[in-house]
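None of these values were measured; they are calculated from a predicted model. The chains referred to below are lettered A, B, ... by the order of the sequence lines, with proteins before strands, and numbering in each begins at 1.
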2 protein chains.
Amino acid sequence: MNIMYDIFLADDHTIIRHGLRRIIEENPGYRIVGETGDGLKVISKIRTLHPNMIILDLSMPDLNGIEVVNRIRKYNKKIKILILTMHRNNEYVYECLVSGAQGYILKEDADSELISAIKALKTGNIYISPSFSNEVIRNLIERRSNAERKRGSAIRRTLTPREREVLKLVAEGNSNKKVADKLGISVRTAEHHRLNIMKKLGVTNTAGLVRHALRTKVID
Amino acid sequence: MNIMYDIFLADDHTIIRHGLRRIIEENPGYRIVGETGDGLKVISKIRTLHPNMIILDLSMPDLNGIEVVNRIRKYNKKIKILILTMHRNNEYVYECLVSGAQGYILKEDADSELISAIKALKTGNIYISPSFSNEVIRNLIERRSNAERKRGSAIRRTLTPREREVLKLVAEGNSNKKVADKLGISVRTAEHHRLNIMKKLGVTNTAGLVRHALRTKVID
DNA sequence: AGGAAGCTGGGGCGTATGCCCCAGCTTCCT
DNA sequence: AGGAAGCTGGGGCATACGCCCCAGCTTCCT
């Protein structure tokens, strides 16, 4: 009897989950051992199923996809995580990879990309959809490793209260000088906060900060 | 028989409309001649009611409030337009004023503000809620008059197709140089587009551009 | 035929960003 | 007592941004 590679599916669309199951199980050696449409239930389900890999949609109700990645990583360091999503967004790729995912492909990609990704992750590689510019991703990864070199290992990604204040003011259109005035600190400190925020969020300019602030409801 | 000052209400919340009617009609000389909760129906309704003033909520279904202002202005130059909204946003104030509104007050303001605004507009004045920093508004108005000095009278505010392309790229985080590369134009031209967009939108930096792009669904 | 609007380029200039380096202090936790 | 994390400041530097100025060309409309 062959050793099977067990995969768990997490996606809120039932039809998509079942389509994925068929695509994957056409390939010998791979088996879907379970599935869910609820991000909150991923951990409890894999606890008994102990799959080798989780294929995860980022946009599920109740729990943010990246948060699911974090929880899986906290529970088990060995399970491979493949993100399968509709979001063609460099920052999402970055966030998922630093959170502990090994792959990121798009729902608009061909079936063959899914299989390639699964095989790549199985053998220990990282796989990112060819829809993404390698240049951009490589830049982000490089920024990450620079940041990691500075401290122990995992880059700290959650913003501090002060950083959240600065992000809010920056996203509202304040310059570093105005941020400094409003918070009663020096321009240099405001600039320092802004740079730390950018490193944590994996963006390289003001536009990225504003998008993140709006996405995470820091403003508006 | 006294001459009545006729007011039309446009707000998608029925209860609010009826509350406004009571507040306004407590004041002798003022009368609500009609109302609607649908931005698309404003013009057809005022065509037969010919009110002196329209009190307008910015966030109505089917039609953007600022677009309603534009349509009213196109139909009739004399009707006073008072914006009554929940949006405490300098850029909205600016956009409404250049579109042809004479007043902007907040739903969180006191009833007395509403009456003060109505009376101010009736006598030909412009009225902006005291909740706004006079300094900021004055800056915006000044930018407007600078821009108007350059050409005949009304500043052109709708973005051209090319400008929309540039806005999208800028909001996605591209520098002027990258925008230029992607569009096959010179950096100077990209910069020129960016500045024109900022003037039209009444913002002064990248953060404002990104916020506007997200608000108007140019990206995301 | 004339004017208005859009797209394209450039000169110049002051300031702000983005990104590296460095450091001291407090607070919290082990 | 020691370390980690957060907030605070600064030096330096290349590049980008924000804002004026100028212009030619095409397209569209009256």
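Checking the phosphate oxygens (OP1, OP2) of D:dG11, no side-chain nitrogen or oxygen of A:R188 falls inside 4.0 Å. A close approach under 4.0 Å does not occur between any side-chain nitrogen or oxygen of B:N176 and OP1 or OP2 of D:dA16. Within the structure, a side-chain polar atom (N or O) of B:H193 is placed less than 4.0 Å from OP1 or OP2 of C:dT8. In this structure, A:S186 does not reach the D:dT8 phosphate: none of its side-chain N or O atoms is under 4.0 Å from OP1 or OP2. Remark: A:T206 is in phosphate contact with C:dG18, judged by side-chain N or O atoms under 4.0 Å from OP1 or OP2.
Among the heavy atoms of the strands lying under 4.0 Å from B:T189 is at least one base atom, whether or not backbone atoms are also near. Across all strands, A:S175 comes closer than 4.0 Å only to sugar-phosphate atoms, never to a base (heavy-atom distances).
Atom CG of A:L209 is separated from atom P of D:dC17 by 14 Å (rounded to the nearest Å). Following rounding to the nearest Å, B:N174 (CG) and D:dC17 (C1') show an atom-to-atom distance of 15 Å.
The nucleotide whose nearest atom lies closest to any side-chain atom of B:I185 is, among D:dT8, C:dT8, C:dG18, C:dT8. Residue B:R162 places its side chain closer to C:dT8 than to any other of D:dT8, D:dG18, C:dT8.
Here the options are A:E172, A:R164, A:E165, the test is side-chain contact (heavy atoms from CB on, under 4.5 Å), and the partner is A:K168; only A:E172 passes.
Between B:E191 and B:E163, the residue anchored closer to the 5' end of DNA chain C is B:E163, taking for each the nucleotide with the nearest heavy atom.
In this structure, B:N176 contributes its side chain and B:V179 its backbone to no donor-acceptor pair below 3.5 Å.
Both tests pass for B:K122 against the ring of B:Y5: distance under 6.0 Å to the centre and angle within 45° of the axis.
At a threshold of 4.0 Å, the pair B:R194-B:E163 does not count as salt-bridged, since none of the basic side-chain nitrogens sits closer than that to a carboxylate oxygen.
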